[in-house]
Visitor: 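I'd like to ask some things about the structure below.
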Amino acid sequence: MSTDAKNPIAQMEKIVSLCKRRGFIFQSSEIYGGCGGVWDYGPLGAELKRNLRTAWWNTMTREREDVLGLDASILMNPAIWKASGHVDTFADLMRECSLTNKRVRADHVDPQDGVVMKYSGAKAPNGWRWDRAISALLKNSEHIESFRKRIRALIAQNAGEAAGKPEEIELLNEEKIDAVNGSVDFHPETGGILGEARPFNLMLKTYLGPTATEDDVTYLRPETAQAIFAQFKNVFDSSRVKVPFGIGQIGKAFRNEVTPKNFTFRSREFEQMELEFFIKPDEAVEIISGEVATWHEGADLSVPQPNWGWELWHRYWVDQRTKFYQGIGLGDVLEYYWQTPADLAHYARACVDILCEFPFGTEELEGIAARGDFDLSAHQTASTKSQEIFDEELKTAAAKLTDEQKEALIQKRLAAEAAKTKGEPMPEAAVRAWFERLFKGSYVPHVIEPSAGLDRMALAVIAKAFSETEKVDEKGKKEVITVLRLHPRVAPIKVGVFPLLKNKPELVAKAREVYALLKKHLNCFYDETASIGRRYARQDEVGTPFGVTIDFETCGEKGPELQDTVTLRHRDSGEQERVKISELLGKLLPLVS
RNA sequence: GCGGGUGUAGCUCAGUGGUAGAGCACUUCCUUGCCAAGGAAGAUGUCGCGCGUUCGAAUCGCGUCACCCGCUCCA
């Protein structure tokens with residue numbers, strides 16, 4: 001572990017500094033003073049990201065029979081963003097609390113009663129001053145002293161350390177103004193007066209077409225998922241697949257984040273890796289298999305089964321994604337947050353956040369949501385193009401049902417609709433119409449969506465791998481050794497190739513030979529400058545898992561049995577072993593892929 | 001967007017109105033038989049950017065941009 005694990009800010013600064021110094025991540029447009037919330041990946045960062053991208057693509061699509069790839073455009077018909085709800089939800093009118101700058105949606109403020117208290121400002125014994133008129137609501141039930149204490153605490157929280165202790169803050173020139181009834185002008189939690197309602201649109205607006213009129217307005221996609229939904233039918237029709245199957249995509253997405261922060265963690269331009277895995281509605285599974293399997297602790301999730309409904313598929317993908325993270329060295333820093341019914345969007349059945357420990361806190365890496373048929377249905381309605389698929393197996397199974405059995409299924413669903421706590425229940429006529437289609441083998445597939453952030457993953461991998469140890473050299477001088485303990489699969493450089501000494505032509509020649517041999521198959525780095533120890537250290541710092549050193553034994557100095565063997569050094573243990581050059585690739589390749 | 005902080009060499013930072021510095025890193029040469037060795041030489045900055053005050057600004061004022069910390073959300 002790092003020496004500075006207790007100081008997250010210092011820890012992050014070291015990581016940012018290493019990323020810049022060794023060419024992982026640079027600030028975008030740095031020579032012009034930067035550009036807010038966007039970052040560039042340098043030579044090593046580009047390799048790291050590529051390795052992560054490839055790992056995702058291979059495990060999620062190429063190594064599976066039931067997932068296909070897609071590479072859709074960033075610009076799309078803006079109608080997609082209206083149908084998906086992004087135009088509305090990403091453009092809320094928000095009001096800011098004047099006391100804390102906390103924002104609330106303008107239409108989410110409940111009417112409140114109380115007395116308006118006013119102050120001309122605040123000051124603290126340490127000389128700190130806040131010259132801003134303060135208005136806040138003293139609620140009817142609230143005691144004046146508890147109100148003042150609360151206001152002091154809020155001011156202190158907002159001012160940070162400069163204001164000192166909350167109890168020492170003095171509120172200036174208290175005035176009691178009018179009593180208000182049913183006012184929506186005060187923040188529901190803080191009581192601070194709210195500013196003007198302003199739109200906060202998180203989508204990046206642009207113009208598609210050179211005339212740049214309002215008719216040409218479109219958006220840079222705020223997520224890659226919608227492109228998958230929009231192309232669902234084309235992929236389905238062109239690929240001879242059956243539900244369940246998935247479509248995976250990796251690509252850039254853009255959000256006008258109000259506050260980009262934590263290095264690359266929240267950026268305005270970022271790369272997503274999303275899978276939309278389409279499954280049959282539970283009712284279809286029940287008709288075909290006679291039952292829908294239920295999840296229990298310890299359920300076998302290794303091989304998908306025909307009787308799985310959304311719940312088991314959802315669990316399955318959580319399990320799959322966990323295995324993926326274990327495979328890139330993040331297994332022991334993951335946490336899970338299962339959203340509660342209150343957290344969930346009305347259309348979502350379940351959502352799990354896979355969180356990862358960063359120096360700045362435990363934050364989300366990936367969300368895995370069971371979204372029902374919300375997205376495809378929304379596009380079906382908005383585009384008026386059917387997103388239903390036809391399921392032969394379902395039709396055959398449904399044909400064998402008696403009318404009583406069919407009615408039982410319908411009644412079960414109606415009861416479930418009636419018990420809904422969120423969103424409108426589906427009217428009975430609509431439910432019956434839906435079953436009518438279902439019994440004929442047609443339905444809009446439901447979806448499980450594992451959605452990961454590539455930039456976050458790269459940052460997580462770097463942060464997890466970052467380690468410092470203090471070392472005292474023979475002169476008693478302390479130095480800090482930095483090692484990136486990257487998983488060999490994701491490390492940008494797999495092998496460093498070094499001649500022991502550079503002034504011995506036979507060592508250099510042999511080393512170049514080994515380098516030429518390896519670099520066709522692995523990303524290698526050749527280095528002949530400085531002492532061998534320094535070269536090892538340089539590679540340790542960028543996470544290179546293996547070092548190959550060509551020494552005098554390689555040239556046969558210690559006898560023929562060691563001729564054409566090299567020293568293979570392991571980064572994490574520092575251990576060395578002798579390996580024949582001819583066996584090097586066979587030994588290394590399985591370790592890095 | 002609001003509040004607080006920061007911005008000087010690739011990195012970490014010193015420099016409070018008078019000729020821009022240190023350590024590490026980097027380049028070249030010499031030396032070097034396994035974990036940041038040694039020696040010699042060398043390159044590097046419009047002190048984030050702009051405007052102002054001043055005989056003179058890295059330093060003072062104003063503005064601006066970026067980053068960090070809070071408010072946030074969910075890739």
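Remember, predicted model here, so these are calculated numbers, not experimental data.
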Visitor: Can you check the A:Glu449 CD to B:A75 C1' distance for me, whole Å?
Guide: 10 Å
Visitor: Considering only atom C1', compute the distance from B:C26 to B:U12 and round it to an integer number of Å.
Guide: 16 Å
Visitor: Testing A:Phe24, A:Phe26, A:Phe263 one by one against A:Trp39 for a ring-ring contact (aromatic ring centres under 6.0 Å, His included), which residue passes?
Guide: A:Phe263
Visitor: NA contact type, A:Arg569, heavy-atom cut-off 4.0 Å: base, sugar-phosphate, or nothing?
Guide: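 Base contact - A:Arg569 has a heavy atom under 4.0 Å of at least one base atom.
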Visitor: Using the C1' atom as the reference point in each nucleotide, state the distance between B:G10 and B:U53 in Å, no decimals.
Guide: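 These two C1' atoms come out 35 Å apart once rounded.
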Visitor: Report yes if a side-chain nitrogen or oxygen of A:Asn503 is closer than 4.0 Å to either non-bridging phosphate oxygen (OP1 or OP2) of B:U32; otherwise report no.
Guide: yes
Visitor: Of all the nucleotides listed (B:C73, B:G70, B:C67), which has the minimum atom distance to the side chain of A:Lys261?
Guide: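 Among the listed nucleotides, the one closest to the side chain of A:Lys261 is B:G70.
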Visitor: Tell me the partner of B:U54, counting only Watson-Crick (N1-N3 plus N6-O4 or O6-N4) or G-U wobble (N1-O2 and O6-N3) with both under 3.5 Å; none if nothing fits.
Guide: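 B:U54 is paired with nothing.
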Visitor: When all nucleic acid strands are considered with a 4.0 Å heavy-atom cut-off, which category describes A:Thr482: base, sugar-phosphate, or nothing?
Guide: base
Visitor: Nearest to the side chain of A:Arg255, which nucleotide is it out of B:C68, B:A75, B:A37?
Guide: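 Between B:C68, B:A75, B:A37, the one nearest the side chain of A:Arg255 would be B:A75.
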Visitor: Among the nucleotides B:C68, B:U12, B:G33, which one has an atom lying closest to any side-chain atom of A:Ser17?
Guide: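 Closest of the options to the side chain of A:Ser17: B:U12.
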Visitor: Does A:Lys504 come within less than 4.0 Å of A:Glu528, counting only side-chain N to carboxylate O?
Guide: no
Visitor: Mind calculating the distance between CE (A:Met12) and P (B:G70) to the nearest angstrom?
Guide: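 Going from A:Met12 (CE) to B:G70 (P), I get 12 Å.
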Visitor: Using purine N1 to pyrimidine N3 plus N6-O4 or O6-N4 for Watson-Crick, or N1-O2 and O6-N3 for G-U wobble, each under 3.5 Å, what pairs with B:C71?
Guide: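 For B:C71, the partner nucleotide comes out as B:G1, under the 3.5 Å rule.
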Visitor: Within the modelled atom types, does a donor on one side and an acceptor on the other bring the side chain of A:Lys502 and the base of B:U32 under 3.5 Å apart?
Guide: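 No such pair is found, so the answer is no.
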Visitor: Tell me what A:Glu575 touches on the nucleic acid: a base, only sugar-phosphate, or nothing, going by heavy atoms under 4.0 Å.
Guide: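 Nothing, no heavy atom under 4.0 Å.
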Visitor: Mapping A:Ser451 and A:Arg578 onto RNA chain B by nearest heavy atom, which one lands closer to the 5' end?
Guide: A:Arg578
Visitor: P atom, B:A43 versus B:A22: distance in rounded Å?
Guide: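 That atom pair is separated by 13 Å.
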Visitor: Looking at every strand, decide which applies to A:Gly37 at a 4.0 Å heavy-atom threshold: base, sugar-phosphate, or nothing.
Guide: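 Sugar-phosphate, no base atom in range.
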Visitor: Can you figure out which of B:C26, B:C67, B:C69 approaches the side chain of A:Arg538 most closely?
Guide: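 Selected nucleotide: B:C26.
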Visitor: Between B:A36, B:C11, B:C67, which nucleotide has the shortest distance from any of its atoms to the side chain of A:Ile481?
Guide: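 Nearest nucleotide to the side chain: B:A36.
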Visitor: Answer yes if the side chains of A:Thr482 and A:Arg22 hold a donor-acceptor pair under 3.5 Å, and no otherwise.
Guide: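 No donor-acceptor contact under 3.5 Å links the two side chains.
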Visitor: Give A:Leu18 one of three labels, base, sugar-phosphate or nothing, depending on what nucleic acid heavy atoms sit under 4.0 Å from its own.
Guide: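 Here A:Leu18 touches no strand at all.
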Visitor: Return the nearest nucleotide to the side chain of A:Arg266; candidates are B:A75, B:C68, B:A36.
Guide: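 Looking only at side-chain atoms, A:Arg266 lies closest to B:A75.
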Visitor: Look at all strands and tell whether A:Phe265 reaches a base, only sugar-phosphate, or nothing, counting heavy atoms closer than 4.0 Å.
Guide: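 Since a base atom lies under 4.0 Å of A:Phe265, the category is base.
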Visitor: A:Asp540 CG to B:A36 C1': how many Å, rounded?
Guide: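 Nearest whole value for this atom pair: 10 Å.
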Visitor: Are A:Phe498 and A:Tyr536 an aromatic pair by the rule of ring centers under 6.0 Å?
Guide: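 Judged by ring-centre distance (under 6.0 Å), A:Phe498 and A:Tyr536 do meet the cut-off.
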Visitor: Any chance the side chains of A:Asp375 and A:Tyr347 put a donor and an acceptor closer than 3.5 Å?
Guide: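 There is no such pair (donor and acceptor under 3.5 Å, judged by atom type) between the side chains of A:Asp375 and A:Tyr347.
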Visitor: Base, sugar-phosphate, or nothing: which does A:Cys351 touch, judged by heavy atoms less than 4.0 Å apart?
Guide: nothing
Visitor: Rounded to the nearest angstrom, tell me the gap between atom NZ in A:Lys20 and atom P in B:C26.
Guide: 17 Å
Visitor: Taking only side-chain nitrogens and oxygens of A:Arg534, does any of them come within less than 4.0 Å of OP1 or OP2 of B:A37?
Guide: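 Indeed, a polar side-chain atom of A:Arg534 lies that close.
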Visitor: Output the rounded distance in Å from CD (A:Glu468) to P (B:U12).
Guide: 13 Å
Visitor: 5'-most contact on RNA chain B: A:Leu500 or A:Ser531, nearest heavy atom basis?
Guide: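 Counting from the 5' end, the first nearest nucleotide belongs to A:Leu500.
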Visitor: Determine the contact category for A:Arg21: base if any of its heavy atoms lies under 4.0 Å from a base atom, sugar-phosphate if only primed atoms, P, OP1 or OP2 are that close, otherwise nothing.
Guide: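 It contacts sugar-phosphate atoms only.
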Visitor: Determine which nucleotide pairs with B:G23, using a 3.5 Å limit on both distances of a Watson-Crick or G-U wobble pair.
Guide: B:C11
Visitor: Send over the distance from A:Phe358 CZ to B:C68 P, rounded to a whole Å.
Guide: 14 Å
Visitor: Could you check which nucleotide pairs with B:A66 in any of the strands shown, counting Watson-Crick or G-U wobble with both distances under 3.5 Å?
Guide: B:U6
Visitor: So what does A:Glu223 hit on the nucleic acid, given a heavy-atom distance under 4.0 Å: a base, only sugar-phosphate, or nothing?
Guide: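 The answer is nothing, as A:Glu223 stays clear of every strand by at least 4.0 Å.
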Visitor: Are A:Tyr515 and A:Glu513 close enough that a side-chain donor and a side-chain acceptor fall under 3.5 Å?
Guide: no
Visitor: Side chain of A:Glu541: nearest nucleotide among B:A75, B:U12, B:A36?
Guide: B:A36
Visitor: How many whole angstroms separate atom CG of A:Leu52 from atom P of B:A75?
Guide: 19 Å
Visitor: Determine the interplanar angle of the A:Phe265 and A:Phe358 rings, folded into 0 to 90°, and report it as parallel if under 30°, tilted if 30 to 60°, perpendicular if over 60°.
Guide: perpendicular
Visitor: In whole Å, measure the gap between the P atoms of B:U8 and B:C68 for me.
Guide: 15 Å
Visitor: Do the side-chain N and O atoms of A:Thr567 and A:Arg578 include a donor-acceptor pair separated by under 3.5 angstrom?
Guide: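 Looking only at side-chain atoms, A:Arg578 and A:Thr567 do form a donor-acceptor pair, the distance falling under 3.5 Å.
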Visitor: Check whether the side chains of A:Gln226 and A:Ser84 place a donor and an acceptor atom closer than 3.5 Å, and report yes or no.
Guide: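 The criterion, which ignores hydrogens and geometry beyond distance, is not satisfied for A:Ser84 and A:Gln226.
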Visitor: Have a look at A:Gly367 and say if it touches a base, only the backbone sugar-phosphate, or nothing, with a 4.0 Å heavy-atom cut-off.
Guide: sugar-phosphate
Visitor: Contact class for A:Ser267 vs. all strands (heavy atom < 4.0 Å): base, sugar-phosphate, or nothing?
Guide: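 Base, at least one base heavy atom under 4.0 Å.
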Visitor: Please work out if A:Gln576 contacts a base, only the sugar-phosphate, or nothing of the nucleic acid, heavy-atom cut-off 4.0 Å.
Guide: base
Visitor: Does a side-chain N or O from A:Lys14 land closer than 4.0 Å to OP1 or OP2 of B:U12, or not?
Guide: no
Visitor: If I take atom CD in residue A:Gln226 and atom C1' in nucleotide B:A75, what distance separates them, rounded to the nearest angstrom?
Guide: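 A:Gln226 atom CD is separated from B:A75 atom C1' by 14 Å.
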Visitor: Has the side chain of A:Gln27 got a donor or acceptor atom sitting under 3.5 Å from an opposite partner on the base of B:G48?
Guide: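 No such pair is found, so the answer is no.
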Visitor: Would you check if A:Tyr536 stacks with the base of B:A36, given a 5.5 Å centroid limit and a 30° plane limit, both strict?
Guide: no
Visitor: Provide the distance between the two C1' atoms, one in B:C67 and one in B:A37, to the nearest whole Å.
Guide: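 Their C1' atoms lie roughly 38 Å apart.
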